[in-house]
Amino acid sequence: MGIKWNEFFITGDPLILGSQIAIVLTMVGIVAGVTYLKKWKWLWSEWITTVDHKRIGIMYIISGVLMFFRGGMDGLLMKAQTSRPEMEFLDAQHYNEIFTTHGVIMILFMAMPMLIGIMNVVVPLQIGARDVAFPQLNALSFWLFFGGAMLFNISFVIGGSPDAGWTSYFPLAGKEFSPGIGNNYYAVALQIAGIGTLLSGINFVVTILKMRTKGMTLMKMPMFTWTSFIASVIIIAAFPIFTVALALMTFDRLYGAHFFTLSGGGLDMLWANLFWLWGHPEVYILVLPAFGIYSEIISTFSRKTLFGYKSMVLSILIIAFLSMVVWVHHFYTMGSGPAVNSIFSITTMAIAVPTGIKIFNWLFTMRKGRIKMTNAMLWSLAFVPCFIIGGVTGVMLGMGAADYQYHNTLFLVAHFHYTIIPGVVFAVFAALYYWWPKMFGFTLNEKIGRWHFWLFVIGFNATFMPMFFLGLDGAVRRSYTYSVESGFAPLFLVSAIGSVILALGFFAFCYNIYWSIRHADRNITGDPWNARTLEWATASPVQPYNFAKLPEVDGLDPFWKMKKNNEGLTIKDSDIEEIHMPSNSGLPFFMGVVFGVAGFFLVFEWHIAAAIAAIGIIAGLIYRSFDYDEGYHIPVDEIKETESKWRNVEGEVHNYVK
Amino acid sequence: MEKHTNRFPISHVLGFIFSLILTFGAAFIALKTNLSFKVIMWIIGTLAVLQAGIQLFMFMHLREGEDGKTNVINIIYGVFMTVVIVVGSIWVMSAGHATH
């Protein structure tokens with residue numbers, strides 16, 4: 001197979017050598033720690049083989065936080081390199097690899113799992129279901145995502161990272177200009193993770209359409225469920241395009257096909273076209289659940305029903321439709337001619353209308369409300385002005401003619417960080433503060449949370465605001481250095497200092513998790529925020545079967561009504577019946593591992609080894625076809641015991657509403 | 001399905017007649033006219049799409065049963081996605097100076 005061992009491990013760079021040593025030490029530390037605490041069996045039976053949507057959600061979120069750390073380190077390295085003119089901290093190749101992995105990891109391995117994790121935890125609870133429609137498929141989604149993410153992450157120590165940008169445009173990403181194996185990682189790892197995401201999308205569409213509790217019609221669903229539903233529909237629409245594009249890229253790179261190379265009659269720009277046909281809907285897959293999160297939080301902490309529910313639903317439907325027809329605005333300068341650019345300018349600017357409707361609805365929800373400034377609410381408030389800056393600069397970029405001036409500058413980079421960070425990261429933080437008690441049974445510390453909030457928001461603005469002006473002055477993106485004469489130095493320095501503050505904010509968040517695990521009060525009720533939707537009508541943390549008796553719903557904010565009318569909050573022993581639960585399974589984990597191994601061999605173009613590993617995939621599919629496990633039943637006595645534990649706690653739910 | 005048994009199946013007959021007209025029309029245009037190849041392809045392609053629509057609605061019970069509405073939404077969604085991806089890509093890739 002012609003393995004070149006000297007090219008297998010990346011050598012010669014002290015930064016990477018340090019990372020290699022750190023990775024080995026971390027892995028040794030984890031193995032030693034788990035063995036010392038005798039937790040292997042617990043880890044296997046409670047987490048790795050679990051099919052419980054809440055635990056899968058938590059695993060998604062943990063992966064997301066780890067990937068946030070990884071992607072954040074990439075960002076800090078870039079900011080260090082550009083903090084002064086002519087820095088020699090990173091060379092050009094290393095800088096290319098870092099901005100590529102930063103983009104891919106932040107979008108696909110940080111933002112996606114964070115949001116899918118929150119969807120996993122919250123959506124079945126909000127619709128009053130006991131699990132998602134296909135629990136084992138859900139576990140498979142997670143392990144495929146995790147396999148893909150790990151495969152992508154090892155690239156920087158084994159074989160070399162992809163270096164053609166997160167968009168990996170041809171012809172640069174083709175074999176001719178990127179002969180190393182780095183870009184194979186991009187094609188293969190994203191393919192594996194993409195299968196997981198697609199399965200998640202299907203799972204959530206079926207769950208939301210088929211598993212809603214009695215009385216919950218579509219127009220009585222909580223807003224987060226609505227946005228998750230529409231995001232799942234867009235996943236099903238858009239991800240197959242990316243699957244096909246990546247498959248064609250794999251053929252081009254591994255088997256000498258010419259779909260995207262001009263030499264064989266291919267069309268390099270077709271890659272950009274297919275990439276953004278997926279890529280633009282992808283950003284709406286990210287931002288829609290985030291909009292749902294803000295809707296829930298603003299409504300809860302303003303003590304009011306969400307303003308303009310129907311217009312909210314209508315606007316997400318319009319956003320979903322428009323998201324499919326704006327993709328060309330990512331490459332106006334390709335030169336598609338005035339007709340194409342004009343049409344896509346109009347569709348792009350049209351998106352500002354439904355988004356504006358949503359912003360006003362949030363403001364009107366707060367109007368005359370009794371606002372409570374919790375951390376979750378603070379993140380939601382900070383989102384509004386920051387996201388508007390991102391949105392308005394988006395309309396500027398959306399004008400085809402003007403875009404020739406902004407294209408490929410730091411103005412664009414500042415714009416999409418101003419949309420994605422308030423639009424996704426703020427939402428994820430808000431959601432974690434808000435739903436943390438539901439997941440773990442204790443709240444995060446509000447005081448440390450304030451440090452987290454202020455450091456992060458100030459750091460974010462200090463990092464990315466200067467980039468707007470750098471971009472207008474002509475600083476190009478993805479450039480690893482600049483000259484003293486350019487005059488960019490002061491703003492770049494401000495930006496670098498901002499990124500350090502941003503990082504401090506993230507560390508305050510990690511410290512908050514650590515502090516709260518050790519010291520937070522465990523004696524909380526099922527409903528610490530006096531909230532409105534069904535997920536708060538059950539225990540914190542949620543028992544495995546979610547609801548002893550499935551709730552019935554006859555309007556928006558069902559739990560609020562239950563509390564107000566004092567009905568449905570208690571449960572009679574005669575109402576409790578046996579509950580059917582799905583069994584745990586090790587198969588999804590096995591599939592994640594074999595996909596990862598087969599993918600690894602494919603990256604190195606060791607086709608025979610990859611084919612042998614792929615037999616494992618087929619074996620897993622066959623095994624699953626003959627799996628007649630019917631699950632198990634939780635007996636009535638056990639349910640009674642669990643329910644009596646949380647329902648008799650001091651300060652129980654119905655004491656809240658005055 | 002009960003209510004259909006006693007009634008004259010008007011939609012089936014209409015569908016059958018439309019199908020015959022469209023099929024023979026296509027055969028006539030292809031075999032008996034002197035139009036250019038390109039024009040013939042456009043015409044019979046259009047007729048084929050119409051034919052498929054008639055089949056779906058009049059014979060394949062698209063709107064009947066408990067999933068009727070879902071089926072219609074799915075078909076519209078599928079057609080929309082196809083048009084956006086295929087027609088959109090061809091248009092974007094072939095318009096302007098990118099290809100010249």
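Just so it is clear: chains get the letters A, B, ... in the order the sequence lines come, proteins before strands, and each one is counted from 1. Remember, predicted model here, so these are calculated numbers, not experimental data. Below, all heavy atoms of this structure are taken into account, side chains as well, without hydrogens, waters or symmetry copies.
Taking each heavy atom of A:V233 and B:Y77 in turn, the nearest pair found is O-OH, 3.3 Å. Taking both residues in full, the closest heavy atoms of B:M93 and A:M269 are given as CE-O, 3.6 Å, listed atom of the first, atom of the second, then distance. The minimum heavy-atom distance linking A:N273 with B:S89 is given by the pair ND2-OG, 2.8 Å.
Remark: B:I85 CD1 to A:W327 CH2 distance equals 8.5 Å, nearest 0.5 Å. Between B:M81 atom CE and A:I241 atom CD1 the span is 4.5 Å, to the nearest 0.5 Å.
By the 6.0 Å contact criterion, CD on B:Q55 is enclosed, its count of non-hydrogen atoms from other residues, nucleotides or ligands being greater than 12. For A:F251, the CZ atom counts as loosely surrounded, since its 6.0 Å shell holds 12 or fewer non-hydrogen atoms of other residues, nucleotides or ligands. Around CE of A:M396, the count of heavy atoms belonging to other residues, nucleotides or ligands within 6.0 Å exceeds 12. More than 12 heavy atoms of other residues, nucleotides or ligands sit less than 6.0 Å from atom OH of A:Y169.
At least one side-chain heavy atom of B:W91 sits less than 4.5 Å from a side-chain heavy atom of A:I343.
The part of A:V325 that comes within reach of chain B is its side chain, from C-beta onward, which places non-hydrogen atoms under 4.5 angstrom from that chain. Heavy atoms closer than 4.5 Å to chain B are found in both the backbone and the side chain of A:L270.
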